Student: 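Here you go, one structure.
These numbers were taken from a predicted model, which means no experiment stands behind them.
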Amino acid sequence: MKKAELTSFHLHILAMALMLCDHMWATVVPGNDWLTVIGRIAFPIFAFMTVEGFFHTKNLKKYVKRLFVFALISEIPFNLVAGGSFFYPLHQNVLWTFLIGVGLMKINENAKDKKLSVRILTAAITAAMGFLLGILSFCDYHYAGIFTVLVFYFLRERKWYNFVLQAFFLWYINIEILSGFYYEWEIFGTKIEVVRQGVALLALVPIWLYKGKQGYYSKSVKALYYWFYPAHLLVLWLLRQIIA
């Protein structure tokens with residue numbers, strides 16, 4: 001862990017590859033559960049990188065504007081994949097989840113120079129706001145996704161106790177809140193249930209190997225980070241129509 005190190009570039013590429021696997025399972029290669037199992041790892045990495053983007057961007061307004069524009073661009077491809085139609089109001093793409101997270105982080109940043117009681121109250125209020133907005137907006141991963149962003153925001157420092165708390169909160173979010181489908185295995189005559197969403201905790205391994213370095217970067221790479229989401233959804237939807 002001390003010698004190994006991943007950069008922002010590595011995390012982005014890893015998360016995109018894992019997300020592609022998950023969405024392939026949901027569209028063109030259904031039944032291959034291993035694709036969605038490893039795909040569980042993608043969201044926490046993206047949530048973590050949203051927090052890093054929030055702190056490292058040179059212009060927060062432009063960062064928010066880009067997220068907003070691509071959330072709009074992604075909406076129709078996401079609707080086609082998730083709902084099979086151009087209009088699907090009951091489920092919004094994940095970029096809206098991250099936009100809400102960015103807004104809540106900004107509120108907390110505005111209170112960072114206040115006294116401790118104000119900072120704690122602000123954190124509690126933004127957590128409640130995240131809960132309500134996650135439900136009302138129908139954003140992907142709903143309030144659990146917004147909470148994941150806030151976990152990485154509040155526990156951003158590379159301290160051992162923050163790592164422990166990250167693991168605890170991600171366990172609670174993915175096992176207790178999201179839960180969902182599980183696999184039943186028998187080991188030495190004892191049946192155990194493994195929650196598929198729990199695989200998301202493995203995202204902490206590459207996240208902890210990241211130490212703040214950007215790695216390879218160019219305008220083309222920056223464009224890839226933003227365009228990959230709507231583009232791959234649209235391509236997968238088109239492929240599904242062809243092979244259906």
Student: Report the relative orientation of the aromatic rings in Phe152 and Phe48; use parallel for angles under 30°, tilted for 30 to 60°, perpendicular for over 60°.
Tutor: perpendicular
Student: Is it true that Tyr141 and Leu90 fall in one hydrophobic cluster, defined by side-chain heavy atoms closer than 4.5 Å?
Tutor: no
Student: Output side-chain donor-acceptor pairs under 3.5 Å for residues 120-133, partner residues at least two apart or in another chain, one line each.
Tutor:
from: Thr122; atom 1: OG1; to: Val118; atom 2: O; distance (Å): 2.7
from: Thr126; atom 1: OG1; to: Asn108; atom 2: ND2; distance (Å): 3.0
from: Thr126; atom 1: OG1; to: Thr122; atom 2: O; distance (Å): 2.9
from: Thr126; atom 1: OG1; to: Ala123; atom 2: O; distance (Å): 2.9

Student: Fit a plane to each ring of Tyr172 and Phe168, take the angle between them on a 0 to 90° scale, and name the class: parallel (under 30°), tilted (30 to 60°) or perpendicular (over 60°).
Tutor: parallel
Student: Is the shortest heavy-atom distance from the side chain of Val151 to the side chain of Leu165 under 4.5 Å?
Tutor: no
Student: Report yes if the side chains of Val149 and Val51 come closer than 4.5 Å at any heavy-atom pair, otherwise no.
Tutor: yes
Student: Can you tell me how the ring of His23 sits relative to the ring of Tyr229, calling it parallel under 30°, perpendicular over 60° and tilted otherwise?
Tutor: tilted
Student: Closer than 4.0 angstrom, basic N to acidic O: yes or no for Lys106 and Glu109?
Tutor: no
Student: Regarding Arg196 and the six-membered ring of Trp25, is the cationic atom NZ or CZ under 6.0 Å from the ring centre and inside 45° of its axis?
Tutor: yes
Student: Report the distance from atom CD of Gln214 to atom CG of Leu11, rounding to the nearest 0.5 Å.
Tutor: 12.0 Å
Student: Going from CZ on Phe154 to CZ on Phe147, what distance comes out if it is rounded to the nearest 0.5 angstrom?
Tutor: 10.5 Å
Student: Under 3.5 Å, side chain of Asn174 to main-chain N/O of Trp171, donor-acceptor pair present?
Tutor: no
Student: Checking the side chain of Thr36 only, and the main-chain atoms of Gly39 only, is there a donor and an acceptor separated by less than 3.5 Å?
Tutor: no
Student: Here's a test for you: under ring-ring contact (aromatic ring centres under 6.0 Å, His included), which of Trp96, Tyr63, Tyr226 qualifies with Phe68?
Tutor: Trp96
Student: Do the side-chain N and O atoms of Tyr210 and Glu52 include a donor-acceptor pair separated by under 3.5 angstrom?
Tutor: yes
Student: Please check this pair: side chain of His232 against backbone of Phe228, looking for a donor-acceptor N/O pair closer than 3.5 Å.
Tutor: yes
Student: Mind checking whether Tyr161 and Leu150 sit in one hydrophobic cluster, side chains of I, L, V, M, F, W, Y counted as touching below 4.5 Å?
Tutor: no
Student: Let me check something: do Phe181 and Leu178 share a hydrophobic cluster, defined by ILVMFWY side-chain heavy atoms less than 4.5 Å apart, either directly or through other members?
Tutor: yes
Student: Does Lys62 offer a backbone N or O that forms a donor-acceptor pair with the side chain of Asn59 under 3.5 Å?
Tutor: yes
Student: Hey, mind stepping through Leu104 and Ile146 against side chain to side chain contact (heavy atoms under 4.5 Å, CB included) and telling me if it holds?
Tutor: CA-CA 9 Å; Leu104 298 179; Ile146 298 170; 3.7 Å; yes
Student: Would you find a donor on one side and an acceptor on the other, under 3.5 Å apart, between the side chain of Asn79 and the backbone of Phe86?
Tutor: yes
Student: Below 4.5 Å, heavy atoms only, C-beta onward: do Thr57 and Leu60 meet side chain to side chain?
Tutor: yes
Student: More than 12 non-hydrogen atoms from neighbouring residues, nucleotides or ligands closer than 6.0 Å to CD on Glu157, yes or no?
Tutor: no
Student: Check salt bridge (charged side-chain N to carboxylate O under 4.0 Å, His left out) between Lys114 and all other residues, then give those that pass, not counting sequence neighbours.
Tutor: none
Student: Would you find more than 12 non-hydrogen atoms of other residues, nucleotides or ligands less than 6.0 Å from Phe87 atom CZ?
Tutor: no
Student: Is any side-chain heavy atom of His142 closer than 4.5 Å to one of Ile135?
Tutor: no
Student: When you compare the side chains of Thr97 and Asp140, does any donor N or O come within less than 3.5 Å of an acceptor on the partner?
Tutor: no
Student: Does the His12 side chain pair with the main chain of Ser8, one donor and one acceptor, at a distance under 3.5 Å?
Tutor: yes
Student: How about His91 and Phe78: are their ring centres within less than 6.0 Å of each other?
Tutor: yes
Student: Within a radius of less than 6.0 Å around CZ of Phe55, do more than 12 heavy atoms belonging to other residues, nucleotides or ligands occur?
Tutor: yes
Student: Step by step, work out the side chain to side chain contact (heavy atoms under 4.5 Å, CB included) result for Cys139 and Val94.
Tutor: CA-CA 6 Å; Cys139 62; Val94 76; over 6 Å; no
Student: Could you report the tightest heavy-atom contact between Pro44 and Ala200, atom names first, then the distance?
Tutor: CG-O, 3.7 Å
Student: Could you tell me whether a side-chain N or O of Asn93 sits under 3.5 Å from a main-chain N or O of Leu95, the two making a donor and an acceptor?
Tutor: yes
Student: Rounded to the nearest 0.5 Å, what's the gap from OG1 on Thr7 to OH on Tyr217? Could you check?
Tutor: 13.0 Å
Student: Between Pro206 and Ile45, is there a side-chain heavy-atom distance shorter than 4.5 Å?
Tutor: yes
Student: Given side chains that start at C-beta, do those of Tyr225 and Phe70 come closer than 4.5 Å, heavy atoms only?
Tutor: no
Student: Would you say the rings of Phe43 and Phe98 are close, in the sense that their centroids are separated by under 6.0 Å?
Tutor: yes
Student: For a 4.5 angstrom cut-off between non-hydrogen side-chain atoms, does Met24 reach Val29?
Tutor: yes
Student: Less than 4.5 Å apart, side chain to side chain, heavy atoms only: is that true for Leu224 and Ile13?
Tutor: yes
